[in-house]
S.K.: 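For reference, the structure I am asking about is given below.
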Amino acid sequence: MTAAPTTAGWLDPFLADWRPGTGEPREIREPATGRPLITVPQGTPGDVARAAAAAAAAQPAWAATSYVERAAVLRRAAEIYEAHRAELGTWTQRETGAVHGKMHHEQNFTVAELLNAATLPSQPYGELVPSVVAGRLSMVRRVPVGVVGAITPWNSPSVLGMRVVAPALALGNAVVLKPDPQTPVAGGALFEAVFREAGLPEGLLAVVVGGAEVGEAIVTDPNVHVVSFTGSTAAGRRVGELAGRLLKKVSLELGGNNAFVVLDDADVEAAASAGAYASFQFQGQVCFAAGRHIVHRSVAKDYVEALVERAKRLRLGDPYREAVDLGPIVNEKQLARVDGIVRRSVEGGARLAEGGTHEGLFYRPTVLVDVTTGLPAWTDEIFGPVAPVVTFETDEEALALANDSEYGLAGAVYSRSISRGLALAQRIRSGMVHVNDQTVNDEAVIPFGGMGASGNGSRFGGAANWDEFTQWQWVTVRDDPRTFPHPY
Ligand code: NAD
């Protein structure tokens with residue numbers, strides 16, 4: 001594998017020897033410059049089979065390792081990641097086109113996932129329960145699921161991988177991780193390098209880089225017991241179908257088209273600042289970005305003006321080499337998708353208040369007004385820096401608009417009245433909702449996830465980690481061997 005020079009350092013010798021697959025090499029280019037970044041041999045279904053078999057073989061001994069040792073590996077991994085975060089961050093920036101602020105946020109989060117996971121091994125893992133059978137000791141305990149297959153997208157590769165890898169390992173599982181082929185290092189190699197140095201025993205974490213074929217091989221491999229998928233709703237449906245036939249447990253964390261509601265009593269400047277951040281930061285390539293701005297008619301003019309002002313002043317450029325606010329769209333295909341949704345919406349009657357243009361992969365932050373609910377800018381997840389605005393008259397109308405989506409990942413309501421904002425927020429059908437804050441919010445200790453087409457009810461983080469990465473076992477014990485009445 002060959003890597004273009006980055007800040008010389010710790011990861012380079014690892015990358016020089018890294019052979020994550022036996023398939024054809026694939027060259028990865030920086031979206032911001034088009035320059036070659038790294039060439040990585042892709043994985044094959046055979047590589048998945050070998051990695052999963054090794055993981056299954058290594059897992060029982062790891063599950064039997066003391067809680068102190070498992071926690072220590074996770075804490076060491078956090079220390080190693082922190083020690084090399086400047087270097088590791090350059091890979092995130094260059095593979096994904098993220099600005100410094102987004103990269104740092106993701107890194108803080110990645111470390112938080114590790115440290116939070118380090119607390120899991122020492123937590124109680126079961127309960128004593130009453131029994132109708134006299135003299136029976138009855139307990140329910142959580143046991144590891146075995147091998148977790150983790151499939152992750154490119155957009156926040158380190159944290160979306162770590163929110164699976166860290167808790168799964170902490171709770172005694174092994175992991176086969178498949179990052180998106182566009183982010184082989186930030187989503188894959190750095191995990192192997194960090195955990196190897198942290199002393200994780202051989203076989204427990206394997207990275208196989210590749211696309212849908214490799215992902216499907218992970219889903220169907222008999223040695224993979226649980227699949228944790230984060231990505232688009234279309235690919236999630238396919239993963240769910242494959243796993244369903246095999247009766248395999250699967251977590252699906254999918255797309256979003258998130259409602260950002262501004263009531264007539266909101267602080268409009270604050271709402272516009274939050275709305276701009278939630279739609280434009282990281283070029284809108286965020287699952288819980290604000291996809292639909294639902295604004296009271298009486299404040300809509302001021303709100304749109306404030307949003308446009310912010311859109312105009314955002315600077316676009318190479319986020320690794322320049323001080324900019326936004327980087328490129330990740331690739332041509334995604335650019336065409338964003339552009340197509342905006343164009344078709346304008347043809348359908350929406351009006352461009354700002355943006356709608358691009359130079360290469362750099363798409364100007366865009367504000368669309370006069371949007372109606374049949375237009376693609378309303379119905380589709382755009383995954384680009386576009387803020388479609390619709391207006392309403394009553395809170396009930398706002399609620400109906402907010403819930404007018406097959407997705408249900410995140411929502412937000414801006415209002416000076418906490419009780420009014422909360423009353424509305426709690427009726428938005430989404431896995432996460434915020435009053436006087438925007439939709440792009442996460443913490444390692446909360447159960448992250450969505451409703452409807454945003455997932456299948458699974459969650460990441462906090463208590464949900466136990467549900468995702470362990471399964472219940474009922475165990476009973478009696479002193480006196482039990483017998484049964486005649487004729488038994
Ligand atoms: P994607 O679905 O194209 O790819 C995601 C991952 O799935 C990649 O690793 C890809 O190689 C793999 N994959 C694709 N087809 C597959 C198949 N048939 N079987 C198995 N694996 C397959 O998604 P993307 O375009 O890379 O990412 C953007 C999408 O991810 C958006 O829809 C976004 O909302 C969503 N997302 C959701 C969350 C969340 O937590 N809900 C977080 C980040 C991104």
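Atoms within each ligand, like the ligands themselves, are counted from 1 in listed order.
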S.K.: Note the single closest protein heavy atom to atom 26 (O) of ligand 1, along with its residue, its atom name and the distance in Å.
M.R.: Trp154 CD1, 3.1 Å

S.K.: Heavy atoms only, cut-off 4.0 Å: how does Gln285 contact ligand 1, side chain, backbone, both, or neither?
M.R.: neither

S.K.: Could you list the atoms of ligand 1 found under 4.0 angstrom from a heavy atom of Phe383?
M.R.: 28 (C), 31 (C), 33 (C), 34 (O)

S.K.: Under 4.0 Å between a side-chain nitrogen and a carboxylate oxygen: does that hold for Glu30 and Arg321?
M.R.: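 Yes, charged N to carboxylate O under 4.0 Å.
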
S.K.: For Arg75 versus Ala118, what's the shortest heavy-atom pair and its separation?
M.R.: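 Nearest heavy atoms, Arg75 then Ala118: CG-CB, 3.7 Å.
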
S.K.: Is Val219 near ligand 1, meaning one of its heavy atoms is under 4.0 Å from it?
M.R.: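 Under 4.0 Å: no for Val219.
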
S.K.: Salt bridge or not between Glu216 and Arg238? Use side-chain N to carboxylate O under 4.0 Å.
M.R.: yes

S.K.: Any nitrogen or oxygen of Thr233, main chain or side chain, under 3.5 Å from a nitrogen or oxygen of ligand 1?
M.R.: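 No: no nitrogen or oxygen of Thr233 is under 3.5 Å from one in ligand 1.
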
S.K.: Please write down residue, atom name and distance for the protein heavy atom closest to atom 7 (O) of ligand 1.
M.R.: Phe229 CE1, 3.1 Å

S.K.: Say whether Arg163 and ligand 1 are in contact under the criterion: heavy-atom distance to a ligand atom below 4.0 Å.
M.R.: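 A heavy atom of Arg163 does come that close to ligand 1.
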
S.K.: Identify which of Gly449, Ser232, Gly431 has a heavy atom lying nearest to atom 23 (O) of ligand 1.
M.R.: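 Residue with the shortest heavy-atom distance to the ligand atom: Ser232.
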
S.K.: Among all protein heavy atoms in this structure, tell me which lies nearest to atom 6 (C) of ligand 1, with the distance rounded to 0.1 Å.
M.R.: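 Going by distance alone, atom 6 (C) of ligand 1 is nearest to Thr152 O, 3.5 Å.
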
S.K.: How far is atom 14 (C) of ligand 1 from its nearest protein heavy atom, and which residue and atom name does that atom have?
M.R.: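 Ranked first by proximity to atom 14 (C) of ligand 1 is Ala235 CB, 3.9 Å.
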
S.K.: Any atom of ligand 1 sitting under 4.0 Å from a heavy atom of Phe460?
M.R.: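 Phe460: no contact with ligand 1 (<4.0 Å).
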
S.K.: Check each heavy atom of Asn155 against ligand 1 and say whether those closer than 4.0 Å belong to the side chain, the backbone, both or neither.
M.R.: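 Contact part for Asn155 vs ligand 1: side chain (C-beta onward).
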
S.K.: Decide side-chain hydrogen bond (donor to acceptor under 3.5 Å, both in side chains) for Arg163 and Thr110; before the verdict, give the C-alpha distance in whole Å, the side-chain angles of both, and the deciding distance to 0.1 Å.
M.R.: CA-CA 8 Å; Arg163 73 179 181 177; Thr110 303; over 6 Å; no

S.K.: Among Thr372, Asp404, Thr373, which one satisfies side chain to side chain donor-acceptor pair (under 3.5 Å) with Trp378?
M.R.: Asp404

S.K.: At what distance is the nearest protein heavy atom to atom 27 (O) of ligand 1, and which residue and atom is it?
M.R.: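 For atom 27 (O) of ligand 1, the nearest protein heavy atom is Pro153 CB, 3.5 Å.
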
S.K.: To the nearest 0.1 Å, how far is atom 42 (C) of ligand 1 from its closest protein heavy atom, and which atom is that?
M.R.: Cys287 SG, 3.1 Å

S.K.: At a 4.0 Å threshold, what atoms of ligand 1 neighbour a non-hydrogen atom of Thr230?
M.R.: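 Those of ligand 1 that fall under 4.0 Å from Thr230 are 5 (C), 37 (C), 38 (C), 39 (C), 40 (O), 42 (C), 43 (C).
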
S.K.: Measure the acute angle between the ring planes of Trp154 and Phe383, then classify it against the limits of 30° and 60° as parallel, tilted or perpendicular.
M.R.: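 Perpendicular: the ring planes of Trp154 and Phe383 meet at over 60°.
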
S.K.: In terms of residue, atom name and distance, what is the protein heavy atom nearest to atom 19 (N) of ligand 1?
M.R.: Glu216 CG, 3.2 Å

S.K.: Could you tell me whether Arg26 and Glu24 have a side-chain N and a carboxylate O separated by less than 4.0 Å?
M.R.: no

S.K.: Do we see a donor-acceptor contact under 3.5 Å between the side chains of Ser405 and Asn257?
M.R.: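 Distance-only check fails for Ser405 and Asn257.
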
S.K.: Find all atoms of ligand 1 within a distance of less than 4.0 Å from any non-hydrogen atom belonging to Val239, and give their numbers and elements.
M.R.: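 Answer, ordered by atom number: 19 (N), 20 (C).
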
S.K.: Please check if any side-chain donor atom of Tyr320 sits under 3.5 Å from a side-chain acceptor atom of His100, or the reverse.
M.R.: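 On atom types as modelled, these side chains do not qualify, holding no pair under 3.5 Å.
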
S.K.: Salt bridge or not for Glu347 and Arg344, using N-O below 4.0 Å?
M.R.: no

S.K.: Run the contact test for Phe288 against ligand 1 with a 4.0 Å cut-off on heavy atoms, strictly below, and give the result.
M.R.: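 False for this residue.
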
S.K.: Check each atom of ligand 1 against the heavy atoms of Leu160 and keep those under 4.0 Å away; list them by number with element.
M.R.: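 Once the distances to Leu160 are compared, the set is 42 (C), 43 (C).
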
S.K.: What atoms of ligand 1 come within less than 4.0 Å of a heavy atom belonging to Phe448?
M.R.: 40 (O)

S.K.: Can you tell me which residue among Ser251, Ser228, Ser458 is in a side chain to side chain donor-acceptor pair (under 3.5 Å) with Glu468?
M.R.: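 Only match with Glu468 under side chain to side chain donor-acceptor pair (under 3.5 Å): Ser251.
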
S.K.: Report, in ascending order of atom number, the atoms of ligand 1 lying under 4.0 Å from any heavy atom of Arg238.
M.R.: 18 (N)

S.K.: Tell me whether Lys102 is salt-bridged to Asp325, with the criterion being a basic N under 4.0 Å from an acidic carboxylate O.
M.R.: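 Here Lys102 does not pair with Asp325 in a salt bridge, since their nearest N and O are not under 4.0 Å apart.
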
S.K.: So which heavy atom in the protein is nearest atom 12 (C) of ligand 1, and how far is it from that ligand atom?
M.R.: Ile151 CG2, 3.7 Å

S.K.: For the backbone of Arg364 and the side chain of Thr366, can you confirm whether one donor and one acceptor N or O come within less than 3.5 Å of each other?
M.R.: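 Such a contact is found between Thr366 side chain and Arg364 backbone.
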
